[in-house]
Amino acid sequence: MPKKNYNTFGPYKRNRKWFFKYEEPGSETATQNGKPRLLSGGTFSTKKICESQIKAKDREINDPDYFVKQQKERKRAKAEAYGERWIELQATGKPNTVKNAKNIIRNYFIPHFEGRWMDEITPSDVQEFVNWMTSFRSPGTVRMFMGYVAALFYQAKRDRVITDLPIGRKNNIKLPPKPKSKNHPFEDEEVDLILKAVDHRFRPMVLIMATTGIRCGEAFALTWDRIDLDKGTAYIDRQVQYGKFCRLKGEKGETLRPFTIRLHPAAVEALKKHRENSVTMTVEWEGGIEPAETVEMVTVSATGLVLYGQLFLSHWNKMLDSLGWSRKGNGPHRLRHYFAVKMIEDGASPGEVKVALNHSDVMITMTEYGDRWERPDERLWSRTDRLFARFAA
């Protein structure tokens, strides 16, 4: 049975803001210790405003007709209808976020929960949904998908479509284990086979990726005005996504600084031979943040379009088929891992690898490749023998 009186706590001050907490009516029936959940009542600029809100909330949660009013205010919605509404709310977000939201909600959430009322979806239903996705999607993908689904449920609670969240740790939703690093680099022999089998139009770009470790999007955006063949360098200050230029982005979507790469002599020679194949075209910027540019692209698609992920993968997959390799786990990003691991095996420090790969933080480098430095290296002992040789005298 719900308790008769619910409490408010506060006001408290933190970071120059006032806030309070209150006990959620009826939530004690869903907690393990039988006590109501504590929720935030919001933040306020002054103590006086916070105190007035505390009084109002105290009257609200201890109103005998609280549950009746909550039921009246609640707006029921079917999963498919609310899912489409939530997608519309994301329309002002980043293009990639909007695309992911549409894919996840329309192709996974709605088909699984179609016909169900949002307020009837239980934690067990959500766990069943997670298990269903895990049966055919990778753990990392499922965890990413659930981030969008969680955002949908939180919005539904704010819209009073649901009263309790069926997700989160308190409901003991078990997601698939966090995937370990997938930095499985190609072997030297495999890279040699790739360079022989890849279409001649893409060979210089693939060679650059293997010998500099730049990301695919950065390689797609290479233009001749950014390349100095005499110095053997290339300036990387943008990348291509969905056929448009955009700012450099890291593994977590963070903005990166432009950087310069040193081209291997073999890549320089390949570029010199490839120079005649360049194509001049006008390329737009994502979101119109910069005016469209007329540039001379180093590499374009077979049909003369700006090269981007999906277009390149069609050619890459044909090459994998010709080699008799599986398409799964053999994406072009493994060339970046190949470069990084070769550097580490040659004695490069985490800081050097961070700079070479243009990571925003060395912790990203350590998360991805930290286990590579844990392996014994005879050069370490040779170095210590040399540095402390005087103690043997």
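A donor-acceptor pair under 3.5 Å links the side-chain atoms of His264 to the main chain of Ala266, judged by distance alone. Side chain of Arg336 to main chain of Leu357: a donor-acceptor pair is present (N/O by atom type, distance under 3.5 Å, no hydrogens or angles). Remark: the backbone N or O of Ile167 is paired with a side-chain donor or acceptor of Asn171 at under 3.5 angstrom. At least one donor-acceptor pair under 3.5 Å links the side chain of Gln127 to the backbone N or O of Lys174.
With 3.5 Å as the limit, one finds a donor-acceptor pair spanning the side chains of Arg238 and Thr223. Checking Glu51 against Trp18 by side-chain atom types alone, no donor-acceptor pair falls below 3.5 Å. A donor-acceptor contact closer than 3.5 angstrom is absent between the side chains of Thr260 and Thr233. Side chains of Asp188 and Tyr338: a donor-acceptor N/O pair is present below 3.5 angstrom, by distance only.
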Handout entry: Residue pair Lys354, Glu368: steps toward the salt bridge (Lys or Arg N to Asp or Glu O under 4.0 Å) verdict
Key = CA-CA 11 Å; Lys354 169 196 174 292; Glu368 191 68 46; over 6 Å; no
Problem - Working for side-chain contact (heavy atoms from CB on, under 4.5 Å), residues Leu311 and Trp316 - result: CA-CA 9 Å; Leu311 285 180; Trp316 181 267; over 6 Å; no
Problem - Check against side-chain contact (heavy atoms from CB on, under 4.5 Å), Lys35 and Glu28 - result: CA-CA 5 Å; Lys35 295 181 180 180; Glu28 62 271 21; 5.7 Å; no
Practice task
Given side-chain contact (heavy atoms from CB on, under 4.5 Å), test Val126 with Ile121 step by step and report yes or no.
Solution key: CA-CA 7 Å; Val126 174; Ile121 297 175; 4.0 Å; yes
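Between Tyr12 and Phe19, the distance separating the two ring centers is shorter than 6.0 angstrom. Annotation: Phe109 is in aromatic contact with Phe113 [ring centroid separation under 6.0 Å].
Counting heavy atoms from C-beta outward, Arg226 and Ile236 have side chains that stay 4.5 Å or more apart. Looking only at side-chain heavy atoms (C-beta outward), Pro139 and Leu175 stay at 4.5 Å or farther from each other. With contacts defined as side-chain heavy-atom distances shorter than 4.5 Å, the pair Tyr235/Phe259 does not qualify. In this structure, the side chains of Glu296 and Asp225 stay at 4.5 Å or more apart for every pair of heavy atoms. Considering only heavy atoms from C-beta on, Val130 comes within 4.5 Å of Met146 through its side chain.
Note: Trp132 and Phe136 have perpendicular aromatic rings, judged against thresholds of 30 and 60 degrees for the angle between ring planes. Ring planes of Phe202 and Phe312: perpendicular class, angle over 60° (limits at 30 and 60°).
Comment: Glu60 engages Lys57 in a salt bridge, judged by a side-chain N to carboxylate O separation of less than 4.0 angstrom. A salt bridge links Lys249 with Glu286: the distance from a Lys NZ or Arg NE/NH1/NH2 to an Asp or Glu carboxylate oxygen falls below 4.0 Å. Ion pairing between a basic and an acidic side chain is recognised when a charged N comes within 4.0 Å of a carboxylate O; Lys244 and Glu284 show such pairing. Glu290 has a carboxylate O that lies under 4.0 Å from a charged side-chain N of Arg247, or vice versa, which qualifies the two as a salt bridge. Using a 4.0 Å cut-off between charged nitrogen and carboxylate oxygen, Lys318 and Asp199 do not count as a salt-bridge pair. Salt-bridge annotation for Asp125 and Arg116: present, with a side-chain N of the basic residue lying under 4.0 Å from a carboxylate O of the acidic one. The pair Asp164-Arg37 meets the salt-bridge criterion, with a side-chain N (NZ, NE, NH1 or NH2) lying under 4.0 Å from an Asp/Glu carboxylate O.
Taking OG of Ser278 as the start and CE of Met297 as the end, the distance is 10.5 Å to the nearest 0.5 Å.
Annotation: Phe9, atom CZ; neighbour count of heavy atoms from other residues, nucleotides and ligands within 6.0 Å is above 12.
Cluster annotation: Leu195 is connected to Leu222 through the hydrophobic network of ILVMFWY side chains, with a link wherever side-chain heavy atoms come within less than 4.5 Å.
Among all heavy-atom pairs drawn from Ala101 and Trp86, the shortest one is CB-CZ3, 3.8 Å.
Seen from the ring of Trp117, Lys78 counts as a face-on cation partner, given the 6.0 Å and 45° thresholds.
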